[in-house]
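These notes concern the structure reproduced below.
FYI, side chains are in, hydrogens and waters are out, and symmetry mates aren't considered; it's all heavy atoms of this structure. When a ligand or atom number is given, it counts from 1 through the structure's own listing order.
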Amino acid sequence: MIQPQPFDLILFGGTGDLAMRKLLPAMFNIHAHGQWPEESKLICVARSDYTRGEFLDFVAEHARGNVSQELLEKDSWARFCEVIDYVAIDLFDTDSYQKLGVQLEGREAFNRLFYLSTGPNLFGPICENLGKNQLITKNSRIAVEKPLGRDQKSAREINAQMSQYFEEQQIYRIDHYLGKEPVQNLIALRFGNALFEPLWRRGRIRDVQITVAEQLGVEGRGEFYDQTGALRDMIQNHLLQMLCIIAMEPPTSMAGDGVRDEKLKVLKALKPLRGDDVLSKTVRGQYSRGIVNSKDVPDYTAEKGVAPDSTTETYVALKAEIDNWRWSGVPFYLRTGKSMQTKISEIVINFEEVPHSIFDNEPGMPTPNRLVIQMQPSEGIKLSIMAKKPGDGMRLTPVNLNLDLSKTYKRGSYNAYQRLLVDLMCGNLSLFMRHDELDAAWAWIDPIISTWQDRDVRPKHYPAGTWGPAASSALVARDGFSWHEEGH
Ligand code: BG6
């Protein structure tokens, strides 16, 4: 197991929802796995005027229920609490950062990890105030959560603010999808096996589908979500990052900038979607009243914090294409939505059909090979191949070669944030976005948004608890394909 060097982790937004649901539970897991150096501290920073004791009660109430229960043995929670401190700071008040200075005094030799789990409007003021109070040491790193802007311009402004105080090599832009085990396994599958490389290209792969369907609606984030929408919230980051991992050329190494350089090339090679192409290759949807998991879901526009006449999309499907030798002509279909029928996140690689069938089979047989990398509801990788049906004759049937990683390795308590936090602690930037990747992703997304606005493209309604608007099936059907929904 990797052992990080001693650090101080300063978590801004320390009482926030993400801190309680994901970050503190992930830190607890790291601590319980014995990867937290003894002298390392976690300093949570927020505005609320808690004493340390009151904050620990708050954490017990809001975060403890989210940790891996099998790790909650004996005194593991109490031992984790020993490393936690709390400082109440008004983030806009330069002087109040001195309280943080007191906590960090004499600890300059440790890696200093600032984690900003706050709105992006606070990134600038926090960096400036850390700078003014001389709290940024040469071995400091800063991790920031999305949303990193709402377009290329605002993303550049955020970046400019951070880069006044931190070098690019000190900035860790988090996309938690890159911390997911199956996404990392896709890298292992592609570059740890000679088998796939000759097949990983046009002529061999017919189409690629990336789906992130959620059953959750906007869950108390109505106000934020209504300003954001599915394209900015999911496609610009998580789905494009997965597309990059599928499509990138083999990096020379996992270390340094290898992976980031290759991902950038993919983003730059995305065929721009503009004007009429946006109309024919994207689908916007918004959920209306329906039933998800036997529960009534109201119209999106009736959700708390959402404008009653909102035209924000809660669903997007689109066809992306990559203009390079490897991928020219291969469609990458991306879709994501809220309040959908099933929670499912998966990457599906559909291979080409055999050129000529020698078997006497039912129509539709043999079916093309398919590789499915599934993140939700369970983690695993399946390769569907054709095999002979037992018995007389040569009749074929698809069977799955199943790599059920959760059963093979009893990892239990490892999650995406945990992996990325350990990378942050160890200074491994490979799976964090570089500023030019972010810039290139926005450069591709911006014209889609502006065309939707200019041409008044309103979202099509879909009842909550379904697979999204019918136009989404039509998008792939036009190319002769259908979405992979088998077994869902
Ligand atoms: C976040 C989005 O980045 O990812 C949320 O802001 C979304 O809207 C979430 O629900 C999905 O993450 P996961 O890991 O639950 O698939």
Side-chain angles (χ1 to χ4, degrees), residues 13 16-23 25-26 29 66 68 115-120 143-150 155 172-186 210-243 245 284-287 292-293 297 300 303-306 310 312-316 334-347 373-380 406 413-421 431-433 438 441-442 445 459 464 468 488:
D17 180 59
L18 187 72
M20 294 303 131
R21 273 192 312 115
K22 303 278 186 188
L23 300 174
N29 286 1
N66 299 324
S68 310
Y115 196 116
L116 274 46
S117 171
T118 65
V144 285
E145 276 288 340
K146 65 177 270 277
L148 293 167
R150 46 182 297 104
Y172 290 65
R173 295 178 192 82
I174 292 192
D175 187 309
H176 77 279
Y177 266 69
L178 295 185
K180 291 189 187 260
E181 189 75 2
V183 177
Q184 300 196 347
N185 238 310
L186 177 58
I210 307 177
T211 298
V212 179
E214 297 182 89
Q215 286 185 314
L216 292 179
V218 291
E219 305 299 305
R221 298 158 79 217
E223 211 171 312
F224 159 77
Y225 194 86
D226 206 33
Q227 301 295 319
T228 308
L231 188 70
R232 291 188 178 98
D233 188 43
M234 297 294 291
I235 303 266
Q236 185 272 345
N237 36 74
H238 306 320
L239 279 86
L240 279 187
Q241 285 293 315
M242 286 192 274
L243 177 146
I245 299 286
R284 286 186 94 192
Q286 187 187 78
Y287 65 82
V292 179
N293 252 344
V297 174
Y300 168 71
E303 298 273 14
K304 194 163 164 266
V306 173
S310 170
T312 299
E313 78 285 352
T314 60
Y315 177 96
V316 179
L334 275 46
R335 65 175 169 166
T336 183
K338 299 246 182 231
S339 292
M340 307 278 288
Q341 190 174 87
T342 313
K343 178 169 175 64
I344 184 141
S345 305
E346 64 179 17
I347 297 168
I373 296 114
Q374 197 173 80
M375 284 150 277
Q376 295 276 4
S378 55
E379 294 185 351
S406 50
S413 58
Y414 238 85
N415 64 40
Y417 272 101
Q418 206 173 330
R419 270 178 223 106
L420 294 176
L421 277 166
L431 294 176
F432 295 85
M433 278 181 293
L438 192 71
W442 279 121
I445 292 287
H488 297 162

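The contact set between ligand 1 and Lys180, taken as ligand atoms under 4.0 Å from a residue heavy atom, comprises 13 (P), 14 (O), 16 (O). Atoms of ligand 1 found under 4.0 Å from any heavy atom of Asp233 (numbered from 1 in listed order, with element): 2 (C), 5 (C), 6 (O), 8 (O). For ligand 1, the atoms closer than 4.0 angstrom to any heavy atom of Lys146 are 1 (C), 2 (C), 3 (O), 6 (O). With ligand atoms numbered from 1 in the order given, ligand 1 contributes 5 (C), 7 (C), 8 (O), 10 (O) to contacts under 4.0 Å with heavy atoms of Lys338.
Shown are Ile235, Leu231, Thr211; of these, the side-chain contact (heavy atoms from CB on, under 4.5 Å) with Leu334 is made only by Ile235. A side-chain contact (heavy atoms from CB on, under 4.5 Å) with Ile373 holds for exactly one of Asn185, Leu186, Ile210; it is Leu186.
Note on ring orientation: taking the six-membered ring where Trp is involved, the planes of Tyr300 and Tyr225 are perpendicular (angle over 60°, cut-offs 30° and 60°).
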Quick one, Gln184 with Ile245, criterion side chain to side chain contact (heavy atoms under 4.5 Å, CB included). Give me CA distance, side-chain angles, the key distance, then yes/no. CA-CA 9 Å; Gln184 300 196 347; Ile245 299 286; over 6 Å; no
Verify side chain to side chain contact (heavy atoms under 4.5 Å, CB included) between Lys180 and Ser345, making sure each step is shown before the conclusion. CA-CA 11 Å; Lys180 291 189 187 260; Ser345 305; 5.9 Å; no
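Of all protein heavy atoms, the one closest to atom 11 (C) of ligand 1 is Glu214 OE1, 3.7 Å. Closest to atom 12 (O) of ligand 1, if we only count protein heavy atoms, is His176 NE2, 3.1 Å.
If you check each of Glu219, Lys343, Arg221 against atom 5 (C) of ligand 1, the one with the closest non-hydrogen atom is Arg221.
The distance from atom CG of Asn237 to atom CH2 of Trp442, rounded to the nearest 0.5 Å, is 7.5 Å.
Note on ligand 1: Tyr177 sits in its first shell, one or more heavy atoms being nearer than 4.0 Å. The closest approach between any non-hydrogen atom of His238 and ligand 1 is below 4.0 Å.
Taking a cutoff of 4.0 Å between a charged side-chain nitrogen and a carboxylate oxygen, Glu219 and Lys338 do not qualify as a salt bridge.
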